[in-house]
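In listed order, ligands and their atoms are each counted from 1. Side chains are part of it too, since the values below use all heavy atoms of this structure and drop only hydrogens, waters and symmetry mates.
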Amino acid sequence: MDRFFTANEAISTRRNHGKRKAGEKLVARKSKQQTPIKEQDPLIRQTNFQEVCLGYTLEEGILEADRCLQCKNAPCIKECPVNIDIPGFILAVREGDLNLARSILAEYTNLPAICGRVCPQEKQCEQVCKLGKAKGFEPVAIGKLERFVADHVRPRVSQLVPSQQKEKVAIVGSGPSGLTAAGDLAKLGYDVTIFEALHSPGGVLTYGIPEFRLPKDIVQREIKQIEDLGVTIETNVIVGKTLSMSEIKEQFAACYLAVGAGTPYFLGIPGTTLSGVYSSSEYLTRINLMRGYEFPRFDTPVKRAKKVAVIGGGNVAMDAARSAKRLGASEVTIVYRRSLEELPARIEEYHHSVAEGVSYRWLTNPMAYLGDESGNLTGMTCIQMELGEPDASGRRRPVEIAGSELTLEVDVVIEAIGQGANQVLLDHFKELPLNERGYIKTSESSAKTEIEGIFAGGDIVTGAATVILAMEAGKKAACEIDTYIKQKAENKG
Ligand SMILES: Cc1cc2nc3c(=O)[nH]c(=O)nc-3n(C[C@H](O)[C@H](O)[C@H](O)COP(=O)(O)OP(=O)(O)OC[C@H]3O[C@@H](n4cnc5c(N)ncnc54)[C@H](O)[C@@H]3O)c2cc1C
Ligand code: SF4
């Protein structure tokens with residue numbers, strides 16, 4: 001593994017090796033189940049913030065890669081939002097050539113160790129995997145193979161970056177969308193600066209998703225690889241307060257707005273201001289960004305409670321509940337107004353939470369928080385629900401059952417009911433048109449806003465979505481910014 005392949009070599013080597021045989025005949029010879037992956041024991045891991053999944057060894061990775069049928073017209077590629085050559089990199093793993101596998105990944109993604117961990121593969125590439133379509137067979141563990149490769153090999157930067165420096169491009173926000181756009185623009189030779197409001201880059205990857213799913217040293221390592229491409233990251237810069245958009249427009253040839261959707265929604269029920277009621281954003285930021293779980297070694301505290309309720313059923317609710325368990329709560333309950341069938345969280349996260357002792361109260365909706373005379377939360381009243389007709393989202397609408405009120409004893413409640421657009425930049429940049437949901441309006445399937453030279457993408461355009469969709473938007477924006485700057489130069493010339 002001492003030789004690094006360039007992208008062109010990678011592709012030609014794959015073609016030489018890659019005589020993909022018709023899938024179906026091969027199925028019978030494959031193992032039905034995915035190669036098991038080691039995880040921390042649930043009883044141990046619920047007491048620490050270390051990563052749950054321990055990843056494949058080289059031997060296990062090769063074994064799993066050997067399950068891939070190397071399909072012609074591989075459906076997994078089409079279903080991946082950034083169209084990674086999945087059979088190509090898996091073939092390289094099977095051959096034991098991790099450098100080749102890594103350089104194939106680098107062609108398509110700047111954040112493979114992150115995507116391999118947090119992408120909802122079961123709804124994307126793995127859902128359409130042809131092996132998984134055969135009766136009794138599990139799909140190839142594409143995500144686990146992606147993280148395996150990214151964890152073991154780093155791309156060699158000198159082969160990715162062209163030497164000439166072109167125009168300056170500004171990126172606002174250092175989440176997966178901003179980082180992806182920055183990496184791709186740097187590879188095209190642009191002089192890229194990311195402005196980030198927080199003191200540490202990464203967006204949700206850094207402040208939202210906990211260590212036990214996405215270790216922060218992995219996030220920082222992938223960000224470092226983007227900096228190695230020549231990207232500058234300026235932290236503690238709030239665009240709209242410490243730096244204005246007119247300054248950006250004066251100093252940069254183009255700008256990509258990727259400020260995410262990090263403003264928490266609240267239920268707004270009585271008692272919201274009691275001590276012990278958190279938004280998931282605050283709770284997770286204290287834990288992940290400020291390392292509150294290591295208080296007092298780090299100086300931001302986070303309340304350690306006995307009985308915790310988390311309101312909501314998405315990935316954010318799972319992260320908050322599993323974090324509360326790790327902070328020592330004896331009872332952690334997810335209170336969700338629909339049932340398991342409608343749960344929006346990844347099923348893997350649901351199973352992990354159950355194994356760690358998180359319990360569920362289905363078809364239950366909070367009505368009010370209760371407190372003592374000192375203003376501390378002591379409980380909450382809820383009402384039971386039943387499912388009615390499907391709503392606009394296609395999920396059955398929860399309806400209250402009259403007279404079914406109940407009281408739960410709790411000392412911390414975490415509301416994880418969704419997030420909306422970050423307002424600071426939008427309030428300052430009033431001339432930027434927004435859509436009817438309050439997110440930045442771009443022209444259809446493009447990153448172009450209605451203001452010349454200003455592009456936008458990720459959660460601030462779509463609303464809260466996924467890491468890979470934010471990355472896809474970043475890739476698209478980088479291409480469009482390149483075209484825009486070239487055309488402008490041509491028109492001038
Ligand atoms: C707790 C949690 C768990 C999640 N789990 C998953 C998961 O398992 N899988 C998955 O695919 N997705 C998951 N998501 C969703 C995913 O993280 C987001 O869709 C994705 O991060 C969006 O990327 P982005 O780059 O658009 O924005 P963000 O990641 O939100 O990054 C935006 C950045 O812009 C910065 N910013 C905002 N305003 C300004 C300003 N005015 N000036 C400068 N900087 C600014 C913010 O500080 C932030 O760093 C999760 C989200 C949360 C909250
Ligand atoms: S990962 Fe699945 S769909 Fe993709 S090439 Fe391999 S077997 Fe076919």
Nearest atoms (heavy-atom pairs only) where Lys216 meets Thr206 = CE-O, 3.7 Å
Can you pull out the closest protein heavy atom to atom 8 (Fe) of ligand 2? Residue, atom name and distance to 0.1 Å, please.
-> Cys71 SG, 2.3 Å
Find out whether Met318 and Ile334 are in side-chain contact, i.e. whether some heavy atom of one side chain is under 4.5 Å from a heavy atom of the other.
-> yes
Do you see an N/O/S atom of Cys129, backbone or side chain, under 2.8 Å from atom 2 (Fe) of ligand 2?
-> yes
Could you tell me which non-hydrogen atom of Glu480 sits nearest to which non-hydrogen atom of Ala447, and how far apart they are?
-> OE1-N, 2.8 Å
N/O/S atom of Cys76 inside 2.8 Å of atom 4 (Fe) of ligand 2, strictly under = yes
Is there side-chain contact between Tyr278 and Lys303, with heavy atoms separated by less than 4.5 Å?
-> yes
Under the side chain to side chain donor-acceptor pair (under 3.5 Å) criterion, do Tyr256 and Ser177 qualify, and how do the steps go?
-> CA-CA 9 Å; Tyr256 179 55; Ser177 205; 2.7 Å; yes
Residues lining ligand 1 [heavy-atom distance under 4.0 Å, listed by chain and residue number] | Val118, Pro120, Val172, Gly173, Ser174, Gly175, Pro176, Ser177, Phe195, Glu196, Ala197, Leu198, Gly203, Val204, Gly208, Ile209, Arg213, Val237, Ile238, Val239, Ala258, Val259, Gly260, Leu284, Asn315, Val316, Asp319, Gln419, Asn422, Leu425, Gly458, Asp459, Ala465, Thr466, Val467, Ala470
Within a strict 4.5 Å, meaning less than it, do heavy atoms of the Lys249 and Cys255 side chains meet?
-> no
So, Tyr484 versus Phe455, ring centres under 6.0 angstrom or not?
-> yes
Can you say whether the rings of Phe49 and Phe212 are parallel (under 30°), tilted (30 to 60°) or perpendicular (over 60°)?
-> tilted
Quick one: which ligand 2 atoms are inside 4.0 Å of a heavy atom on Ile142?
-> 1 (S)
Under 3.5 Å, is there a donor-acceptor pair between the side chain of Thr109 and the main chain of Leu105?
-> no
In terms of residue, atom name and distance, what is the protein heavy atom nearest to atom 3 (S) of ligand 2?
-> Lys130 N, 3.3 Å
Atom 6 (Fe) of ligand 2 sits nearest the protein heavy atom Cys68 SG, 2.4 Å
Sub-4.0 Å atoms of ligand 2 with respect to non-hydrogen atoms of Leu69 = 6 (Fe), 7 (S)
